[in-house]
Amino acid sequence: MIAVLKPGATKEQIDNLTAWLEGRGLSVHLSVGEFHTIIGLIGDTSQVDTELLEGLDMVESVKRISEPFKSANRKFHPDDTVVEVAGLKIGGKNFHMIAGPCSVESEEQITAIAESVRISGATILRGGAFKPRTSPYDFQGLRAEGIEFLLEAKKRTGMPIVTEIMNVNHIPIFEEVDIIQVGARNMQNFELLKELGTTQKPILLKRGLANNMQELLMSAEYIMASGNHNVILCERGIRTFETYTRNTLDLSAVPMLKELSHLPVVVDPSHACGIARLVEPMAMAAAAAGAHGLMIEVHNDPVNALCDGAQSVTPEQFDEIAGKVRKIRKVMEQ
Ligand code: PEP
Ligand code: MN
């Protein structure tokens, strides 16, 4: 439920109302805008008498909202959230390209890819250290050593890094990681989300393979409800009956999530399509749909990649993609 206060509402009136609402067991989220103050009520609002509230002098309007996500809801937070990562701003009018291999394979590999994608315009380096693989017999990632190699690549290039966490007990290993990724398979690992919520680390939260947008936003809510509001949403394709592509990229999720939530939305066309040659058109489409950024898998030798070679573009292809995406962004900025 939200209450929009009249422009002249005084601090004393707002404090009194807040205390009254808190006395009814509700948490209150205040959003002070230039003209209006909005009170977001979190908790069981079924006991609140809407008419009584609306009858108060300082209240302009009261609206019950059906969405169960509150902190992630744009209704409570009309302005875009801009997540700060090592001096970069993600969200709002900013646009970032996150690029790098599916998995960190060696220090030389990650450093060489980092240097080339940086020159092409990528601002954040990705690379999996702990890999969620469907088969236990597949390469599982270099684990903690992979994070060390990423940090070395960061030192050499100055690029902040993003890498995936799978286990709540690993949080200390991610201390120096700039953005912690929660992958599709862990989107509803609620204990992990709650624990990540107690940190202030930016979290890149990927949509689950078979999860709808509301479930994605509820997972963001878990992180935010524990105190961490630095959440970036990532659309990475969902499972459908289609078999020609690895997943189906739900591009309508970009404008829809931006309407529902103030959190930044990035798109990963690599995992969505599973085919390297589809990455360019879908990256351009994602930029045109209004994404705040892209996450693209880039490998120096895709044929011999230890993971996801088929969907990895080469550094040269990434350079082309980045150039075309910049052109789309120029059009978007007009
Ligand atoms: C990844 O980004 O490396 C990854 C495993 O992606 P997803 O969780 O979207 O499958
Ligand atoms: Mn991958």
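Counting starts at 1 for both ligands and their atoms, following the listed order. These numbers come from a predicted model, not from an experiment. Numbering starts at 1 and runs along the sequence shown.
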Report yes or no: do H77 and S31 form a side-chain donor-acceptor pair below 3.5 Å? no
Could you tell me, atom by atom, which parts of ligand 1 come under 4.0 Å of a heavy atom of R236? 7 (P), 9 (O), 10 (O)
Just by distance, do the side chain of R156 and the backbone of E152 share a donor-acceptor pair under 3.5 Å? no
Is there a donor-acceptor pair under 3.5 Å between the side chain of T163 and the backbone N or O of G127? yes
Around atom 6 (O) of ligand 1, find the nearest protein heavy atom and jot down its residue, atom name and distance. K206 NZ, 2.9 Å
Could a heavy atom of R126 be found less than 4.0 Å from some atom of ligand 1? yes
Going by side-chain contact (heavy atoms from CB on, under 4.5 Å), H299 matches just one of C102, S103, P101, P315. Which one? P101
Between T248 and T240, is there a donor-acceptor pair closer than 3.5 Å when you use the side chain of the first and the backbone of the second? no
Just to confirm my output: which protein heavy-atom neighbour is closest to atom 4 (C) of ligand 1, and how far is it? H271 NE2, 3.4 Å
Quick one: are N189 and V182 in side-chain contact, heavy atoms under 4.5 Å? no
Which of the numbered atoms in ligand 1 are under 4.0 angstrom from any heavy atom belonging to E164? 4 (C), 5 (C)
Mark up the atoms of ligand 1 that fall under 4.0 Å of a heavy atom belonging to G183, in ascending order. 8 (O)
Got a donor-acceptor contact below 3.5 angstrom from the E235 side chain to the D250 backbone? yes
To 10°, measure the OD2(D308)-the Mn ion (ligand 2)-NE2(H271) angle for me. 100°
One finds that the ligand 1 atoms under 4.0 Å from a non-hydrogen atom of A184 are 7 (P), 8 (O), 9 (O)
Of all N, O or S atoms in E297, which has the smallest distance to the Mn ion (ligand 2)? OE2
